[in-house]
Peer 1: 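Attaching a single structure in structure tokens format; questions to follow.
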Amino acid sequence: MDTDPNHLFKDTAVAFSYKSDGALKKANFIFSLVNHPAISSMATSFVKFALKLRLPVEGIIRRTAFDHFCGGISIEDSEKVVERIGAYGVGTILDYSVEGEDSEEAFDDTMEQVIRTIDKASASPHIPFSVFKPTGVGSFLLMEKVQRGDQLTEDEARAFGRIRERFRRICGHGYACGVPVLIDAEDWCIQETIDSLAGEMMATYNKERVVVFNTYQMYRTESLTNLRQAFEVARDNNYFFGAKLVRGAYMEKERERAARLGYPSPIHPNKEATDKAFNDALAFCVQHIDRVAVMCGSHNEYSNAYLTELMKKNGLGNDDKRVWFAQLYGMSDNISFNLARKGYNVAKYVPYGPVRSVMPYLFRRAEENTSVAGQSSRELRLIREEIRRRRNQRA
Ligand SMILES: Cc1cc2nc3c(=O)[nH]c(=O)nc-3n(C[C@H](O)[C@H](O)[C@H](O)COP(=O)(O)OP(=O)(O)OC[C@H]3O[C@@H](n4cnc5c(N)ncnc54)[C@H](O)[C@@H]3O)c2cc1C
């Protein structure tokens, strides 16, 4: 198997084709900053402090990190990005990234926003999916209580009914408009509740094709078993199975919670075990592709290359509609744009929302690019390589 990422993802001219010289310089500045743990932590502390004091920093954030990692402050404002990357065969997944709101009104508003992204997707050739985060449309504490199997009060039972109804409205609208819906995965202590709702949605809307995709976090020791079982339930009940595979975003938090509350950590003991589970899950999905659609949500070069090899080995064309690659906007363009150039189905999560509301998302990107070994230096190396290449070409 040729899974050497150097053969697939090394072309920086392709990777950054959609970026002007100015945008590339901005990317160089941002990744140079977050690459240094001390500077990154100082900058994020300063921004948090300034936002709290309501100092006028939104403009500068908007022109730097926001511009690099987000589409815009609204769906309409994100159109430029949709068109720009769409011109290179890279789709957009509009991701309404307002976080931390916790009221019935906010849950309804988020649901309406997601429905608007579905409408937008159904009218655009460049938006192949919609997405939502379960805690955007329902209370974390209530989902946790349901998972624990606690007795719900009448009010809570009604509130949980409204969560189910919001899932139904979103997935039903996706079904009616022919736009697939990705359900993001979140914390371990609410994920069983999410899995169960996602299963209900798949059973309802995936009868003819995959509309609903649930997300599997392969850093969890039980995910491969869960994935296999969910597939079997789908097969036995005659509906199609949609799986978005990710490694998982909340490792430190999960380990800390397990240690604090005294239960075994649900996370694999090391990165190698997570990597193996992720790649085994890709192989499982491709092996059962007759009943499955799969999205590889990853910035890991080996896993993306491995999926291309699995496709080849199983006789699937590069553009097989059931296999998708996805990365976050502003990261791993070398993977996204090189895959798209070779005809694979690729999309980027493009977050949008008011600058202030998107800040938690941006802080996570800063943290991730500082703490994930090698990640930021890879981005930085590629960006600098492309700046150099363009300079030499002009000389
Ligand atoms: C399109 C897309 C959608 C996403 N959606 C979600 C989502 O719905 N829910 C969600 O939780 N995350 C989501 N993520 C984030 C994802 O889970 C990862 O955090 C992120 O992509 C980094 O993993 P990687 O495969 O890209 O790369 P890599 O850099 O190869 O892997 C890093 C990941 O490996 C795991 N890991 C690292 N060290 C260890 C260790 N010592 N032991 C065990 N495991 C370890 C962690 O999961 C870590 O995030 C999404 C990512 C993308 C690109």
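Ligands are counted one by one from 1 in listed order, and the atoms in each one are counted from 1 as well.
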Peer 1: Can you list the atoms of ligand 1 that are under 4.0 Å from a heavy atom of Ala249?
Peer 2: 10 (C), 11 (O), 12 (N), 17 (O), 19 (O)
Peer 1: Among residues at least two apart in sequence or on other chains, which ones pass side chain to side chain contact (heavy atoms under 4.5 Å, CB included) with Ala13?
Peer 2: Asp11, Glu386, Arg389
Peer 1: Mark up the atoms of ligand 1 that fall under 4.0 Å of a heavy atom belonging to Thr215, in ascending order.
Peer 2: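 By the 4.0 Å cutoff, the relevant atoms are 8 (O).
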Peer 1: Asp275 vs His268, test: side chain to side chain donor-acceptor pair (under 3.5 Å). Steps then yes/no.
Peer 2: CA-CA 10 Å; Asp275 289 347; His268 280 299; over 6 Å; no
Peer 1: Which of the numbered atoms in ligand 1 are below 4.0 angstrom from a heavy atom of Gln327?
Peer 2: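 The list of qualifying atoms is 53 (C).
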Peer 1: Run the numbers for me: atoms of ligand 1, each under 4.0 Å from some heavy atom of Tyr250, listed by number.
Peer 2: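 Taking each heavy atom of Tyr250 in turn, ligand 1 has 11 (O) under 4.0 Å.
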Peer 1: Can you tell me if Arg255 has a non-hydrogen atom under 4.0 Å from ligand 1?
Peer 2: yes
Peer 1: Under 4.0 Å from a heavy atom of Asp184: which atoms of ligand 1 are those, numbered in the order shown and with their elements?
Peer 2: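 The atoms of ligand 1 under 4.0 Å from a heavy atom of Asp184 are 8 (O).
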Peer 1: Where the closest heavy atom to atom 13 (C) of ligand 1 is concerned, which of Thr274, Ile335, Val246 has it?
Peer 2: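 Shortest heavy-atom distance from atom 13 (C) of ligand 1: Val246.
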Peer 1: For Tyr263, I'd like to know if atom OH has over 12 heavy atoms of other residues, nucleotides or ligands within 6.0 Å.
Peer 2: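 Above 12, so yes.
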Peer 1: Would you call Asp21-Lys25 a salt bridge at under 4.0 Å N-O?
Peer 2: no
Peer 1: Using a 6.0 Å cut-off, check whether atom OH of Tyr175 has over 12 heavy atoms from anything other than its own residue.
Peer 2: no
Peer 1: For ligand 1, indicate whether the residue Phe278 contacts it via side chain, backbone, both or neither (heavy-atom separation under 4.0 Å).
Peer 2: neither
Peer 1: Would you check if the side chain of Gln191 reaches a backbone N or O of Glu186 as a donor-acceptor pair within less than 3.5 Å?
Peer 2: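 Looks like yes, one N/O pair under 3.5 Å.
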Peer 1: Do Asp319 and Asn345 have side-chain N/O donor and acceptor atoms under 3.5 Å apart?
Peer 2: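 Asp319 vs Asn345: no donor-acceptor pair found between side chains.
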Peer 1: For atom 45 (C) of ligand 1, state which one of His268, Met251, Glu272 supplies the nearest heavy atom.
Peer 2: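 Checking each option, the heavy atom nearest atom 45 (C) of ligand 1 is found in Met251.
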Peer 1: Mark up the atoms of ligand 1 that fall under 4.0 Å of a heavy atom belonging to Ser298, in ascending order.
Peer 2: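 Those of ligand 1 that fall under 4.0 Å from Ser298 are 24 (P), 25 (O), 26 (O), 53 (C).
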Peer 1: Please state which part of Asn270 comes within less than 4.0 Å of ligand 1, counting heavy atoms only: side chain, backbone, both or neither.
Peer 2: backbone
Peer 1: Not counting sequence neighbours, which residues clear side chain to side chain contact (heavy atoms under 4.5 Å, CB included) with His288? List them please.
Peer 2: Phe231, Phe284, Val292
Peer 1: Would you indicate whether Glu192, at its atom CD, is surrounded by more than 12 heavy atoms from other residues, nucleotides or ligands within a distance under 6.0 Å?
Peer 2: no
Peer 1: Considering Ala185, Ala273, Gly248, which one's heavy-atom position lies nearest to atom 48 (C) of ligand 1?
Peer 2: Gly248
Peer 1: At a 4.0 Å threshold, what atoms of ligand 1 neighbour a non-hydrogen atom of Ala326?
Peer 2: 1 (C), 53 (C)
Peer 1: Ligand 1 versus Met295, non-hydrogen atoms closer than 4.0 Å: side chain, backbone, both, neither?
Peer 2: neither
Peer 1: Tell me which one of Gln217, Lys244, Lys271, Met331 gets a heavy atom nearest to atom 3 (C) of ligand 1.
Peer 2: Lys244
Peer 1: Taking CZ in Phe46 as the centre, count heavy atoms belonging to other residues, nucleotides or ligands within less than 6.0 Å. Is the count above 12?
Peer 2: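 No, not enclosed.
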